[in-house]
Amino acid sequence: MMTNRRVMLLSFMILCLVLAVPSYGNELSLTIYPRGLVLVKEVRNVTLERGRSEVSLEDIPATIEPGSILVGAKGGAQLRIIEKRYEPATMGIGKLLEKYIGQEVEILTKGEKVLRGQLFSSDGSGIVLSDAQGARFVSKDEVREINFASVPDELLLKPTLFIQVNSDRAGKEDLEISYLASGITWRGEYAAKLDGTEEKLILSGSVSLENMAGARFQNAKVKFIAGDVRRAEEAGPRPRFVGEARAMGMAPALDSGMEEEPVFEYRTYKLQRVVTIDQQETKLVSLFDPQTVAVKKLFRYDGARYGQKVAVNLEFMNSEKDGLGIPLPAGKIKVYKESPDGFSEFVGEDRISHTSKDEKVTLFPGFAFDLVGERTLKSSSRITDRMREENIEIVLRNHKSGSADVLAVEHFGGDWEIIKKSHEFVKKDASTIEFPVTVAKDDSVTVSYTVRIRS
């Protein structure tokens, strides 16, 4: 006969869902790094005993790195941490059935039959009950409900951190806890709209947050780290340690409610409001308000890389003078163009790396339809065992409604020297040159040169 403390499977599952919502203290902050790493810092109010006692803290993310846990007393108690251990949630129907082997359970089938008996065994296919008439197998497909007399105390409903401490006093105490976890990712998301003149770009930025850490973070202060943070890689299990550099100064607040500050050699963006991030949720938060930036459109023909296609580039300086001057986290930029009817059309997208202020941003949204290039190796000869000579011809054709300025880009390996050329060029780096040419409407331009290359 079941007691009044019976726990139905359906009720048990609902209870687990309700209790899965964390109840952090008044202080919770997240510092989110690239590649899914997050530093969680929170304050929990606990009751301590004088001397040695154990504190249990629930609602810990399932992806915690146990070796990264740091604990301190905010209220002034002198604590000595003896032991820390993390235990994931063990509550589940499989564990519950395992604990009830040899005990009485009650099964309600989908055919409204009530079966009682001792739980003999259970696996993925079903349950075996034993009673005075013998043993009976009940397929899992027949089970509608299972009633248990009670829930064993040793089963954990939620991931729990247990801390053994030695305190110099008893009473309430605020514990400061920090740890690393994985599963929260962020990335920059930008929208850029060209105006009708193609000389101005309206740029807005957001941060996309995705939470797969196995916990819900409620009313959290959030920071985003922009930069390449190194993590040691070792074979097999590795010890982990977490520490946080202090901010060395504050930059002026951005108009959008985001604040930007340097941390160590990285850049941190801090939300000026708390945010709740549900488990398995993707959320978009504003990085900065739309800014109008001076932009320049360039055409580049790189025949060795793109065949006959001429690339379209958009360049702007990330500077206050040009309308921006905000360190930009790495992310994807979607580019739109204002059309004559007043609507915006999508014209391409590109990615940018982490970009500090006063640096140039170059976007490559796509290729020009009315510009065509053709690169031909006219001849190649060996002058010595270590030197060869090549004659290159580049033909650029323009079918646009007006003239077009095009940069013909060429690349070389080893030591090289241009000994003959039809147009002047600009040396961009040790292996790249650009021929700037203007191609008139419905016309073509031929660029030719001879290069000697030493290997």
Side-chain angles (χ1 to χ4, degrees), residues 198 228 294-319 322 330 333 335 347-356 358-455:
E198 298 186 346
D228 297 318
V295 68
K296 183 178 181 181
K297 184 166 75 171
L298 301 172
F299 297 107
R300 281 191 171 90
Y301 175 65
D302 191 335
R305 185 171 297 174
Y306 299 124
Q308 292 188 321
K309 296 179 179 180
V310 177
V312 182
N313 289 153
L314 299 173
E315 288 188 351
F316 63 87
M317 287 297 297
N318 180 20
S319 64
D322 290 287
I333 297 185
V335 183
V347 296
E349 66 183 8
D350 198 8
R351 293 184 180 275
I352 64 168
S353 57
H354 297 303
T355 305
S356 183
D358 298 324
E359 292 293 327
K360 182 187 293 184
V361 177
T362 300
L363 304 180
F364 173 26
F367 296 97
F369 185 83
D370 294 319
L371 292 174
V372 179
E374 189 174 352
R375 182 183 188 273
T376 306
L377 175 62
K378 303 297 287 187
S379 65
S380 178
S381 58
R382 178 69 64 178
I383 298 176
T384 68
D385 290 342
R386 300 188 59 187
M387 181 184 296
R388 72 180 188 275
E389 185 174 288
E390 294 181 350
N391 292 297
I392 308 294
E393 181 181 88
I394 301 168
V395 179
L396 299 168
R397 295 188 290 273
N398 177 17
H399 303 290
K400 295 170 65 67
S401 59
S403 64
D405 295 327
V406 183
L407 296 172
V409 183
E410 291 290 287
H411 308 279
F412 310 106
D415 295 329
W416 54 272
E417 179 186 7
I418 304 293
I419 61 173
K420 188 177 178 180
K421 61 186 185 297
S422 62
H423 293 72
E424 295 299 321
F425 65 86
V426 177
K427 184 177 180 180
K428 301 301 291 184
D429 55 45
S431 60
T432 308
I433 63 173
E434 292 178 348
F435 292 95
V437 297
T438 300
V439 189
K441 172 187 174 183
D442 293 326
D443 201 356
S444 65
V445 170
T446 300
V447 176
S448 60
Y449 69 90
T450 301
V451 61
R452 286 182 177 174
I453 304 171
R454 299 173 181 84
S455 57

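For clarity, every value in this text was computed on a predicted model and none was experimentally measured.
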Hey, which of Val395, Leu371, Asn398 is the one that makes side-chain contact (heavy atoms from CB on, under 4.5 Å) with Val439? Asn398
Here the pair of heavy atoms bringing Asp385 nearest to Arg382 is O-NH1, 3.5 Å
Does the separation of the ring centres of Tyr449 and Phe435 fall below 6.0 angstrom? yes
Are Ile392 and Leu377 close enough that some pair of their side-chain heavy atoms sits under 4.5 Å apart? yes
The test is side-chain contact (heavy atoms from CB on, under 4.5 Å); show your working for Asp415 and Glu417 and say whether it passes. CA-CA 7 Å; Asp415 295 329; Glu417 179 186 7; over 6 Å; no
Measure the CZ-CD1 distance between Arg454 and Ile383 for me, rounded to the nearest 0.5 Å. 8.5 Å
Short N-O contact, Glu410 and Lys421, less than 4.0 angstrom: no
Determine whether Ile433 and Trp416 make a side-chain contact, defined as any pair of heavy atoms from C-beta on separated by less than 4.5 Å. yes
For the residue pair Thr450 / Asn391, report whether a side-chain donor-acceptor contact shorter than 3.5 Å exists. yes
Provide the closest heavy-atom pair for Leu396 versus Gly373 in the form atom of the first, atom of the second, distance. CD2-CA, 4.0 Å
Minimum heavy-atom separation for Ser401 to Lys441, with atom names? O-CD, 3.4 Å
First locate atom CG of Leu407, then atom CZ of Arg300, and finally report the distance between them rounded to the nearest 0.5 Å. 5.5 Å
Ile419 and Glu389: which non-hydrogen atoms are nearest, and at how many Å? CD1-OE1, 3.5 Å
How many angstroms lie between OG in Ser319 and NZ in Lys360, if you round to the nearest 0.5 Å? 11.5 Å
Got Ile333 and Ile352 here, is their nearest side-chain heavy-atom distance under 4.5 Å? yes
Interatomic distance, OH@Tyr301 vs CD@Glu374, rounded to 0.5 Å, equals 7.0 Å
Do Val409 and Tyr306 have side chains that approach each other closer than 4.5 Å (heavy atoms only, starting at C-beta)? no
Between the main-chain N or O of Ser448 and the side-chain N or O of Ser422, is there a donor-acceptor pair closer than 3.5 Å? yes
State, with a plain yes or no, whether a side-chain heavy atom of Phe364 is found less than 4.5 Å away from one of Val312. no
Smallest separation among heavy atoms of His354 and Ala330, with atom names: ND1-N, 2.9 Å
Backbone N or O of Arg386 within a donor-acceptor pair of the Thr384 side chain at under 3.5 Å? yes
Straight-line distance of Glu359 CD to Asn318 CG, nearest 0.5 Å: 8.5 Å
Got a second to check how far Thr362's OG1 is from Leu298's CG, nearest 0.5 Å? 8.0 Å
Asp370 side chain to Lys400 backbone, donor-acceptor under 3.5 Å: no
Heavy atoms of other groups near Phe367 CZ, more than 12 under 6.0 Å: yes
Hey, does the side chain of Asp405 reach the backbone of Pro436 with a donor-acceptor pair shorter than 3.5 angstrom? no
